[in-house]
Amino acid sequence: MSTIGVFDSGIGGLSILNEALLQSPGHHYLYLADSAHAPYGEKSTQWVTDRSLLLCSWLIKQGCDAVVVACNTATTQAIALIREKFPEVPIIGVEPGIKPASATSQKKIVGVLATQNTLNSDKFKLLLASLNDNCEFIQQAGHGLVPLIEHGILNGPEIESLLHQYLDPMLDQGADTLVLGCTHYPFLQDVIEKVYGDRLQIIDTSQAVVRQLFRLIKGSESKKSGKVDVFSSQDGGILLELAQKLLPHPYLLNAKAQTVSI
Ligand code: DGL
């Protein structure tokens, strides 16, 4: 059994934890939400980098054998430095799935919904440049979505109005595929499907990220059942309530929740 740390600015990384529990439940998972400081999407690069290093270091001190940076924003700003600082620990990042999106899109027009920091980052620009095909990417920052999701609001008029504001212009420009480039957004998949039906194919990379995690720590799953502990820089109890609502996994019922000051 491995001890696996997963962190995000808030509850977004629970979409990655969900997939990890589906693929390989026999581990001890530590989920850390920096809810006191969410959202990260418009904070400075230096701030996100320093904070991500601190959170990662905290998880490693708790005994984590591997850490998932379950946040596109933190990955783009900080993953290189995190890997440099902790060379002995497998560090897995997330990035918008533009390659699978380009392969999926019939019209070769893809919308990318992500935070402003992710879209502005050199890492994302390099990713786009590395894709050697004729796919067009319409980039849109999802301003205002993360704070609503952090409050457990996953549908309703406010969310739908923001989605119309961000996604309708993509459809008007011919997009048939949408990349969810922020780990919070998979929690909006139901409402996006409700509003747009099959007009947009949704690309979320959670499964691929988790497959990569288990490639790196392969062979370490025990036959015993695993467990989950959740930690928040704001309120562990509220985090656990939201996690139980979002992830219907039995481990969440017995999860330990703690508020931590990092
Ligand atoms: N969940 C994050 C991401 O994947 C961060 C969102 C935010 O804090 O703005 O980018």
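In this text the structure is predicted, and so the values were computed from the model without any measurement. We count ligands from 1, going down the list as the structure has it; atoms in each ligand are counted the same way.
- Under 4.0 Å from ligand 1, heavy atoms of Asn72 appear from its side chain as well as its backbone.
- Atom 7 (C) of ligand 1 has its closest protein heavy atom at Tyr40 N, 3.2 Å.
- Those atoms of ligand 1 with a heavy atom of Cys71 less than 4.0 angstrom away are 2 (C), 3 (C), 4 (O), 5 (C), 10 (O).
- Heavy-atom contacts of Ser9 reach the following atoms of ligand 1: 5 (C), 6 (C), 7 (C), 8 (O) (cutoff under 4.0 Å).
- Ligand-side atoms of ligand 1 in range of Gly41: 7 (C), 8 (O), 9 (O), range being under 4.0 angstrom from any heavy atom.
- Contact annotation for Cys182 and ligand 1: heavy atoms of both the backbone and the side chain come within less than 4.0 Å of the ligand.
- Salt bridge status for Lys194 with Glu160: present, with a side-chain N to carboxylate O gap under 4.0 Å.
- Annotation: Phe214 is in aromatic contact with His27 [ring centroid separation under 6.0 Å].
- No option in Asp229, Thr3, Val230, Leu17 other than Leu17 meets the side chain to side chain contact (heavy atoms under 4.5 Å, CB included) test with Tyr29.
- Salt bridge Arg199/Asp176: absent, no basic N to carboxylate O contact under 4.0 Å.
- Residue contact check: Asp8 has heavy atoms under 4.0 Å from atoms 1 (N), 2 (C), 5 (C) of ligand 1.
- The shortest contact between atom 10 (O) of ligand 1 and any protein heavy atom is with Thr73 OG1, 2.6 Å.
- The closest side-chain heavy-atom distance from His184 to Ser9 is below 4.5 Å.
- Checking only distances, Thr118 never comes within under 3.5 Å of ligand 1, N or O to N or O.
- Because its NZ or CZ atom is not both nearer than 6.0 Å to the ring centre of Trp58 and within 45° of the ring axis, Lys61 does not count as a cation-pi partner of that residue.
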Evaluate Asn72 against Tyr40 for side-chain hydrogen bond (donor to acceptor under 3.5 Å, both in side chains), listing each step before the verdict.
CA-CA 10 Å; Asn72 290 264; Tyr40 281 8; over 6 Å; no

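- When heavy-atom distances to ligand 1 are checked against a 4.0 Å cut-off, Val146 comes that close only through its side chain, counted from C-beta outward.
- For ligand 1, the atoms sitting less than 4.0 Å from at least one non-hydrogen atom of Thr115 are 6 (C), 9 (O), 10 (O), numbered in the order shown with element in parentheses.
- A donor and an acceptor atom, one from each side chain of Thr115 and Asn117, are nowhere located under 3.5 Å apart.
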